[in-house]
Structures are given as structure tokens and as C-alpha cells.
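For clarity, every value in this text was computed on a predicted model and none was experimentally measured. One-based numbering, in listed order, for ligands and for the atoms of each.
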Amino acid sequence: MSERTYDLIIKNGTCLLPHPTEARLIQAKADIAISGGRIEMIADSISEKALKTIDAKGLHVFPGVIDSQVHFREPGLEHKEDLETGTRAAVLGGVTTVFEMPNTNPSTTTKEAFEDKLNRAKNRCHSNYAFFMGGAHDNVDKIAELELLPHCSGVKIFMGSSTGTLLVEDDDTLEKILMQGHRRVIFHSEDEMRLRERKHIATEKADPHFHHVWRDTETAVNSTRRLLRLARKTGRKIHVLHVSTGDEMDMLKDAKDIATVEVLPQHLTLFAPDCYDKLGTYAQQNPPIREKHHMDRIWQAVLDGTVDVIGSDHAPHTKEEKNKPYPSSPSGVPGVQTLVPIMLNHVNNGKLPLERFVEMVTMNTARVFGIKNKGALRQGFDADVTIVDMKKQKTITNDWIASRCGWTPFDGMQVTGWPTHTIVGGKVVMENDQVVMPSQGKPVDFMDTN
Ligand code: DOR
């Protein structure tokens, strides 16, 4: 009988595998065989042949990292980013799948706009992709159908205005949206009424140090309190994006039955006033980066299980735009390429166990969004794999950034821990900081409820 030849075997790596009975990951030495874009076998040792073999001795092998919050700006704002440059940045950073946000121009609020994004993405994305549908006043009645469009990662609502025009600020409309459909609804939670009342602080002070004073703790807390009340009233599950205050974490800790929680590497790494001293408007984002006591409580929430997911909120703006005087400068910082190295550095500094980090960008992400066939190194699953060298020391620099904006708030930061290979659908697309095979990305499939 002739011996089987696989497309790819990853040998000798330390793999992050699902625990046999519990919802967590364990580290184990294993070989992984891949063919036809699927994981065919995971075993202590695989001796069959392969068209390509990666020796992962000394390296860690993760399920492909999923970044469930990126803004790639196409259509309409391609001078900041497009689907090709955004997904190039993703795979260079060890990310195999992205979920892209609806605040483009036009906003993604109709079937036509959504399908336009899918058409644009076809054969141009280095990573896998899905898109969010924006919830808005004018599509409330169609939300239940729209959330079920193939490759839709869910409905995203801006409760406070940020970049773009999407906004649902009032409880009546929010309740109507929550009453329709079944999938988890995703929220940017800042209270628009309070933002409007206090905007004068930003205008009068004209200094990014006051960004988190204008968009203060109460702005976030009021909004999340309203949101939790509406979720309870309607019985609908919600996902609260980029939680930036310790006070919200206290509320969300007791709401795990109904609410899942995302945090960002920025909120775990940068804090006020230092970040505004060093970066000025280049640290300006919504919700804002706040004082260290919030950062410390967000870390606590990561460790105690309140937090489910880490996303980047990759939100590129050009240097020219960021150089405008505050508050004319737009909010948002890029992050899809730096998510993995920044978090691996935190792991190496003893801030969290490696397993916990990987859970929050793979297994948990798949659970929260109801992703089919991804999020685990498991036989039969899609062969999306991120390989990292936990010992590799590098300095993050603007030169390395593939995003069209060409900068990162982490420029000059020395980190330990770096992605060495990004494998998308069984194909090695990034190796040694180079994109070696373009456009392997496919649209992601979802369950009808999550
Ligand atoms: O700072 C932000 N920028 N927060 C958001 O929610 C949107 C993002 C953007 O798209 O620029």
C-alpha cells in the first residue's frame, strides 16, 4: 500500500490543544498533518510524507488567531486602508481571520452594501474574513434577515458616535433591535447624550490629555448599564466591545449569562496621562485610554474570566489626519499587526498564562460569534494556524507596519515573543516577516445562533 502524502506537516511544536473535557486549552508536544485546507491528524508523531514540512521545535503552535474587531475602511476611505493592505497587516502579525466593522462609506447597513464588501474581498484578502452588519435607525425592521446573511459576523451597534455616521443612541430603537433576530449583538458602548453634553470640554481644552475627561468613565458606565438592562428585558445576548473601565467590569462580571466582553491590547498596555504625553493624538481612540487604575482592573477581569475575547479595534488613520489639532484629529489606532506580539510580551512578563491569551483569540472567539470549523486545533477543522517563537526578541517599528497608515502606537517597543508563520487554509502565507503567498483568504461561516 502506498504511503499517504499530506500537503503540510508541522512537526515537533508545542501545540495549544483543547482540553479533553473542559473549555480550556492545554500545551502538548504534537505533530499536525494538513491536507485540502483541513487538519487531517494530530498525533504525538506523524511519520508520513508531506509536500512541505515545518520543523516547529522550540516554537508554539496555536489555532489561527482571530481578530474579531478591525476597521479596514473599504469602501470609501481607502486612503487609510483597504482589504488587501489590512489583511496583509493581519497575516504579518500572525492573524489568520478578521471580522471587519461596518463604519465604512457607505456604512454597511443593507444587503447590497454587505454583498459589495464580499465581492471586493474575493481573491484580495490574505487572511480569512467576515463582515459585520451595522444596526441603524433605517434598517431596524430588517435586522433579523440581515444578521443571517452568509459570512456576516453579527450586527454591530454604535451607541455613541465615533468614526463614521453609524449611531443608535436611544433605548427605544435599541430595544427594537434586540427584539429581532437570535444572534449575539455587538456594541460600542458609550452614552451619546453625555458625549454631546460634554463635548465642550474637548473643544475648550484642545488637548488630547482631555479625551478621557470628555468621554469619561460615566459615559461608558451609563451606556453599559442601559445596555445590560435592555439585554435582560429582551433576553437577548450581547457582546460589549473594548471595555475601558474597571466599573463596567464590575457590572459585567455578574452578567456572564447574557453578556460577553472584549478588551484591547491598547487598554492593557497604555495608560493616561503617559500615553498622551508620549503620543498625543496618536493615542486618541474611542473609548479612550484611561488612567492606570482602570488598566489594572481590566487585567484583573482578564484573569478572573470576565473577559472573553481580545480584539485589536484596528482603526487606521493617516499621519496627516492624526496631526490635526485635537479634537479635529480622528479617533482610532491601528493594531491588527501588533495584537499577537504585544500580548505575547505580556505573557512573557508574567501578566497572563499563554493558554489564557490563546483562548481569548481562538476558542472563545469561535464560541462568542458561533464560528463554524475554526478556533481550535482539531481534526476536521480548517487548517488556520499561527506559529510563534516565544523567545524571539524584536523591536516593533513603523517600518514593519503594512497597514496603509504606516504607523503604530507601539513604535520603538521591545517585545519578546513573535509570530514566525501564519497558515491560512493550510497554506503558509507568512514566514519570517514576509508575505510569501498572497490572497488565500476565504469568507468565514457561522451558525444561526450564538
Ligand atoms: O477610536 C475608534 N476608532 N473607535 C471606534 O469605535 C471606531 C474607530 C474608527 O473606525 O476609527
Side-chain angles (χ1 to χ4, degrees), residues 67-83 85-86 89 98-109 117 131-132 134-136 154-169 185-192 195 199 202 208 210-212 214-215 219-220 223-224 227 239-245 248 262-267 269-270 272 275-276 279-290 309 311-322 324 326-336 338-339 403-405 407-409:
D67 185 347
S68 47
Q69 191 186 176
V70 302
H71 302 266
F72 283 168
R73 311 304 193 194
E74 184 177 346
L77 303 158
E78 290 92 340
H79 67 285
K80 300 177 197 274
E81 192 78 288
D82 67 27
L83 292 165
T85 57
V98 294
F99 296 171
E100 207 270 340
M101 286 292 164
N103 57 333
T104 42
N105 187 12
S107 302
T108 321
T109 54
K117 273 195 175 172
F131 298 105
F132 283 101
V155 170
K156 157 83 183 279
I157 312 282
F158 283 87
M159 289 172 71
S161 45
S162 193
T163 302
T165 55
L166 281 173
L167 182 65
V168 180
E169 70 283 39
V185 186
I186 289 89
F187 286 89
H188 177 121
S189 181
E190 286 188 288
D191 190 290
E192 179 66 12
L195 285 178
K199 177 74 198 269
F210 288 85
H211 193 56
H212 70 104
W214 164 35
R215 304 179 88 108
T219 301
S223 174
T224 298
L227 180 55
H239 180 62
V240 189
L241 295 168
H242 41 43
V243 174
S244 63
T245 70
E248 287 167 283
E262 180 206 59
V263 296
L264 312 182
Q266 298 88 293
H267 288 134
T269 313
L270 306 173
C275 65
Y276 302 108
L279 296 164
T281 55
Y282 287 74
Q284 176 194 336
Q285 62 151 80
N286 304 327
I289 299 170
R290 306 183 190 280
V309 167
S312 72
D313 192 9
H314 177 83
H317 298 284
T318 64
K319 288 183 190 167
E320 196 187 353
E321 291 162 338
K322 280 295 209 182
K324 288 184 184 166
Y326 181 84
S328 317
S329 45
S331 295
V333 304
V336 71
T338 47
L339 184 157
S403 179
R404 187 160 287 147
C405 71
W407 63 275
T408 161

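For K322, there are no side-chain hydrogen bond (donor to acceptor under 3.5 Å, both in side chains) partners at least two apart in sequence or on another chain. Judged as a side chain to side chain contact (heavy atoms under 4.5 Å, CB included), and not counting sequence neighbours, the contacts of T318 are H79, E320, E321.
At least one N or O atom of G332, backbone or side chain, sits closer than 3.5 Å to an N or O atom of ligand 1. Between H188 and ligand 1, a contact under 3.5 Å exists for at least one N or O pair. Looking at ligand 1, you'll find an N or O of H317 within less than 3.5 Å of one of its N or O atoms. Considering backbone and side-chain atoms together, T163 places an N or O closer than 3.5 Å to an N or O of ligand 1.
Using the six-membered ring where Trp is involved, H71 and F158 have ring planes that are tilted, between 30° and 60° apart.
Between E81 and C405 the shortest side-chain heavy-atom distance does not fall below 4.5 Å. Annotation: side chain of T281 is not in contact with side chain of K324 (no heavy-atom distance under 4.5 Å). Considering only heavy atoms from C-beta on, S312 stays 4.5 Å or farther from P334 through its side chain. For the pair I186/Q69, no side-chain contact is recorded, criterion being any heavy-atom separation below 4.5 Å from C-beta on.
Protein heavy atom closest to atom 7 (C) of ligand 1, with residue, atom name and distance, is S162 OG, 3.4 Å. The nearest protein atom to atom 1 (O) of ligand 1, hydrogens excluded, is given as N286 N, 2.7 Å; this is a heavy-atom distance. Of the protein's heavy atoms, S331 O, 3.0 Å lies nearest to atom 3 (N) of ligand 1.
Using a non-hydrogen distance threshold of 4.0 Å, R73 registers as a contact of ligand 1.
Using a 4.0 Å cut-off to heavy atoms of F158, the atoms of ligand 1 that qualify are 6 (O). Of all atoms in ligand 1, listed by their number and element, those nearer than 4.0 Å to a heavy atom of Q285 are 1 (O). The ligand atoms of ligand 1 that sit less than 4.0 angstrom from a heavy atom of H71 are 7 (C), 8 (C), 10 (O). When each atom of ligand 1 is checked for a heavy atom of A315 under 4.0 Å away, the hits are 3 (N), 8 (C), 9 (C), 11 (O).
Closest approach of P265 and G311 over heavy atoms only: CD-O, 3.1 Å.
Distance check: T219 OG1 to H212 NE2 gives 12.0 Å after rounding to the nearest 0.5 Å.
Of the heavy atoms in N103, only side-chain atoms (C-beta onward) come closer than 4.0 Å to ligand 1.
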